[in-house]
Each structure stands twice: as C-alpha cells, then as structure tokens.
Amino acid sequence: MKNNILVGLFLGIAAGVLDVIPMLLQGLSWDANLSAFFLWVVSGFMLAISNLKLQPILKGIVIPFICLLPSTFIIGWNNPFSLLPIGGMTLILGALLGFTYNKVAR
C-alpha cells in the first residue's frame, strides 16, 4: 500500500508538471499554477487509496473531477469559458493518470 501511495504521488507530480507547463507559458498567476499542480498531487494520492470499483481510466477521470469541483465555482464565476480548457486537460490527464497508475502499481 505504501508503495502504491508513492507511485500515486509521483504520477500526480508528473501530471501536475504537465498541466502547469502551458499555464506558465500563458503567464498565469502563481496561485492558479499551484492550485493546478496540487490538484494532480492530491488526485494521484486519492487514486492510490481509493476503493472505487471503476475501470482504471474512468477512475482516473472521476477522481480529479471530484477534486476540481469546488474550485470550478471560483474559477468559473467571472470567466465560465475558462472551464472548457480546464475540463479538457482534466479529462486527458486524468485518463492518462488512471491508465498509468494501473500499469505501474500492479
């Protein structure tokens, strides 16, 4: 279990870096960058400890969206269209996170 948590955290860090790179290139604020990065760290941890009976890719999508949900109100309040790229990136990285975690943690 401990190794699975470390795998989840490592993969979450990797997903966070992939998510933040385009944000840095766009010049987004540090609070947005840190929020996105730690969304993925927490998602990797949650993926590792979760007992959800879902296919790995679907599990990798559901957990980050659940983690993202509270922030969507803050993010989308002034600019609801910003939720589209956030949702797309969450979908893609979540699927990759779930798939990769399943392959590595076995």
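Along the sequence shown, residues carry numbers from 1. The figures that follow rest on heavy atoms only: side chains count, while hydrogens, waters and symmetry mates do not.
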Would you kindly confirm whether Met89 and Leu25 end up in one hydrophobic cluster when ILVMFWY residues are joined by side chain heavy atoms under 4.5 Å apart? yes

Hphob cluster co-occupancy, Leu24 + Ile86, side-chain heavy atoms under 4.5 angstrom: yes

Is Leu6 reachable from Leu47 through a run of I, L, V, M, F, W or Y residues, each pair having side-chain heavy atoms under 4.5 Å apart? no

Straight-line distance of Leu34 CG to Leu28 CG, nearest 0.5 Å: 12.0 Å

Rounded to the nearest 0.5 Å, what separation is found between the CG atom of Asp19 and the CZ atom of Phe38? 13.0 Å

Spatial distance of atom CG (Asn102) from atom CG (Leu97) [nearest 0.5 Å]: 11.0 Å

Would Ile49 end up clustered with Val7 when hydrophobic side chains under 4.5 Å apart are linked, directly or stepwise? yes

Assess the residue pair Ile5 and Leu9 against the criterion (side chain to side chain contact (heavy atoms under 4.5 Å, CB included)); give the C-alpha distance rounded to whole Å, side-chain angles, the decisive distance to 0.1 Å, and a yes or no. CA-CA 6 Å; Ile5 292 172; Leu9 287 171; 4.0 Å; yes

Test side chain to side chain contact (heavy atoms under 4.5 Å, CB included) applied to Ile63 and Leu52, step by step: CA-CA 9 Å; Ile63 289 174; Leu52 287 174; 4.2 Å; yes

Nearest heavy-atom contact between Met46 and Cys67 is CG-SG, 4.4 Å

Looking only at heavy atoms, which two atoms of Ser43 and Pro64 are closest? And how far apart? OG-CA, 3.4 Å

Non-hydrogen atoms of Asn4 and Ala48 that approach each other most closely: O-CB, 3.3 Å

Would Leu93 and Leu54 show up in the same hydrophobic cluster when neighbours are defined by side-chain heavy atoms closer than 4.5 Å? yes

Working to the nearest 0.5 angstrom, can you tell me the gap between Gln55 CD and Phe99 CZ? 12.5 Å

How long is the straight-line distance from CG of Leu96 back to CG of Leu91, given to the nearest 0.5 Å? 9.5 Å

Under the 3.5 angstrom rule, does the side chain of Lys59 hit a backbone N or O of Ser50 as a donor-acceptor pair? yes

Which atom pair, heavy atoms only, marks the closest approach of Val20 to Ala36? CG2-CB, 4.3 Å

Should Trp40 and Val17 count as side-chain neighbours, where that means a heavy-atom distance under 4.5 Å? no

Taking CZ in Phe37 as the centre, count heavy atoms belonging to other residues, nucleotides or ligands within less than 6.0 Å. Is the count above 12? yes

Between Thr90 and Leu68, the two heavy atoms sitting closest are OG1-CD2, 3.6 Å

